[in-house]
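In what follows, a single structure is set out as structure tokens and then discussed.
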Amino acid sequence: MHPSAVVEGINRAQADRAAAQTELMAANEPAGLGEAEVYAMSDSLGNVSAALADGQPGRLA
């Protein structure tokens, strides 16, 4: 493989990455989940500890 072919691919990947980073920065949204979203997801699970305590090991499969 010719070295210039590798350089072209690397340059293209770096340009794509820079464009994606610019787009993310313009979105003005934090990466990942916010604290409220995590609490909402946790609350939607209900009382997990009670469900585990009431579990029957023989029914696990």
Side-chain angles (χ1 to χ4, degrees):
M1 178 176 273
H2 197 271
S4 65
V6 174
V7 170
E8 289 173 16
I10 291 172
N11 289 341
R12 187 174 31 247
Q14 288 175 335
D16 290 346
R17 181 178 182 195
Q21 286 177 328
T22 301
E23 186 177 332
L24 286 173
M25 296 297 272
N28 290 325
E29 293 183 19
L33 299 173
E35 184 177 348
E37 292 170 304
V38 171
Y39 278 112
M41 290 172 65
S42 174
D43 289 343
S44 74
L45 295 175
N47 192 346
V48 175
S49 61
L52 292 174
D54 292 339
Q56 299 175 3
R59 293 182 55 198
L60 297 175

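Along the sequence shown, the residues carry numbers beginning at 1.
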Notebook entry, point to check: Considering residues, nucleotides and ligands other than Q21, do more than 12 of their heavy atoms fall under 6.0 Å from its CD?
Noted result: yes
Item checked: Joint cluster assignment, V7 & I10, ILVMFWY side-chain distance < 4.5 Å -> no
Check: Checking T22 side chain against A18 main chain: does a donor-acceptor pair fall under 3.5 Å?
Finding: yes
Check: L52, L45: one ILVMFWY side-chain cluster at the under-4.5 Å cut-off?
Finding: yes
